[in-house]
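Because the structure is a prediction, the values reported are computed rather than measured. All values below were derived from every heavy atom in this structure, side-chain atoms included, with hydrogens, water molecules and symmetry-related copies excluded. Sequential numbering from 1 along the given sequence is applied to the chain's residues.
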Amino acid sequence: MEFQTSGFRLHVAWSLTALCFVACLLLPLDAWSQGRTADLSGQVSTDRGVAVSDAVVVLQTPEGQTVEQKSVTTAGQFFFTNVPKGRYTLVVKAEGFETYSEPLDMAEGADQYQASVNLTEAGKLVQSTAEPPALSDAQAPKEAKHNYEKAEKAIASRKYGEARKQLQAAVAQYPCYARAQSKLGLVMSQQKDYKDAEAAFRKSISCDAGYLSAYLELGQLLNAENRFGESLPVLDQGLRQAPSDWSFYYESGIAQYGLKHYNLAEQQFDKAKSLTTAPPAELDAKLADVYLKENSFQKAYASMQDYLKAEPDGHFASRIKSIMKQMESSGVLQAQAPAFPQQN
């Protein structure tokens, strides 16, 4: 069993050529007779562009009531037809990926709409500490800071093209604006421009060696690209400056696991878990995976129990429950059970 939980922190991207849809419960009955309906089609892929063939797409009212639900095709496509126009929430779920929901305002305009949904793997954890100050912030020109603020607003609205434009303007004025370089790397990653994203992260580090976000983000990117041997030195640089930040240990554990250094991965995940009062359930899933690789079945079973306690309906819950049943029926748990001394 492997729980594929990449550490690369990316938000799920959306590219909508037009927005449309309505909660049918909120429309007057004569809306149907007026022809106020629309069709929505779309594609569900990973953030690497690979089709997700087992996703479920749910159309909900803004209040969360399910209007219609569809499974995607083997090519990751979905279709909704003759849906009353208005406002909806589109929810996409797939095992092993973060659940995504996006409000869709499709009350006006065309009758044919398309959505491109890029899902992010579960376990792409958000950095655990507040973003530290960058030494270059004070040196950045006023206009560059203004561009950065515009980029932040664009990111909040998921307008990644506009965000990239503003960030590129900021770093054009001041190339060593470390915070802007790092944010530009994240936006480029969101747009699947991984080569330029890596360059932006490395530029941020070279400009301000104390700006920790860039180390973590670059380490996450390299892990996501399975470049584990390159990721570890970057994360080690961050750890030397932030030895109590659990997220660096978590990413290091992912890298060690990718290199099949399971004992070292276990140590890193354990350290990460010890450094946060609210460890994410994905840590227990990763530890369970490591223990299984080491044939430590009792520990693996306990970690699975911890995961289910934290997230009984989580992304890995059904898979974990199935594996636990197999372990129970196979006898591996009894085989490793400690022997108790007989009483006279």
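Sorted by first then second residue, the disulfide (SG to SG under 2.5 Å) pairs that include residues 181-290, not counting sequence neighbours, are C176-C207. Each disulfide (SG to SG under 2.5 Å) pair with one or both residues in residues 271-317, not counting sequence neighbours, would appear here, but there are none. Within the structure, side chain to side chain donor-acceptor pair (under 3.5 Å) contacts touching residues 263-274 (residues at least two apart or in different chains) are K273-D284. The disulfide (SG to SG under 2.5 Å) analysis of residues 231-271, with sequence neighbours excluded, yields no pairs.
In this structure, the side chains of L119 and E98 stay at 4.5 Å or more apart for every pair of heavy atoms. Between L264 and Y257 there is no side-chain heavy-atom pair separated by less than 4.5 Å. At least one side-chain heavy atom of V57 sits less than 4.5 Å from a side-chain heavy atom of F80.
With sequence neighbours excluded, the residues that form a side chain to side chain contact (heavy atoms under 4.5 Å, CB included) with Q326 are S322. In this structure K70 satisfies the salt bridge (charged side-chain N to carboxylate O under 4.0 Å, His left out) test together with E68, sequence neighbours excluded. The salt bridge (charged side-chain N to carboxylate O under 4.0 Å, His left out) check on E230 picks up R227, with sequence neighbours excluded. Partners of D193 according to the salt bridge (charged side-chain N to carboxylate O under 4.0 Å, His left out) rule, which considers only residues two or more places apart in sequence or in another chain, are R164. With sequence neighbours left out, P141 forms a side chain to side chain contact (heavy atoms under 4.5 Å, CB included) with A144, Y174. In this structure Y215 satisfies the ring-ring contact (aromatic ring centres under 6.0 Å, His included) test with no other residue, sequence neighbours excluded. Partners of T66 under the side chain to side chain contact (heavy atoms under 4.5 Å, CB included) rule, at least two apart in sequence or in another chain, are V58, Q60. The side chain to side chain contact (heavy atoms under 4.5 Å, CB included) search around K159 returns A154, S157, E162, not counting sequence neighbours.
Cation-pi contact between K183 and Y148: absent, since separation from the ring centre below 6.0 Å together with deviation from the ring axis within 45° is not met.
Across every non-hydrogen atom of Y249 and P243, the tightest pair is OH-O, 2.9 Å.
Of the possible polar contacts, one joining the S206 side chain to the K203 backbone as a donor-acceptor pair under 3.5 Å is found. The backbone N or O of F248 lies less than 3.5 Å from a partner atom in the side chain of S252, making a donor-acceptor pair. One N or O on the side chain of Q181 and one on the backbone of P175 form a donor-acceptor pair closer than 3.5 Å.
Cluster annotation: Y262 and Y291 are assigned to the same hydrophobic cluster (Ile/Leu/Val/Met/Phe/Trp/Tyr, side-chain heavy-atom contacts under 4.5 Å, transitive).
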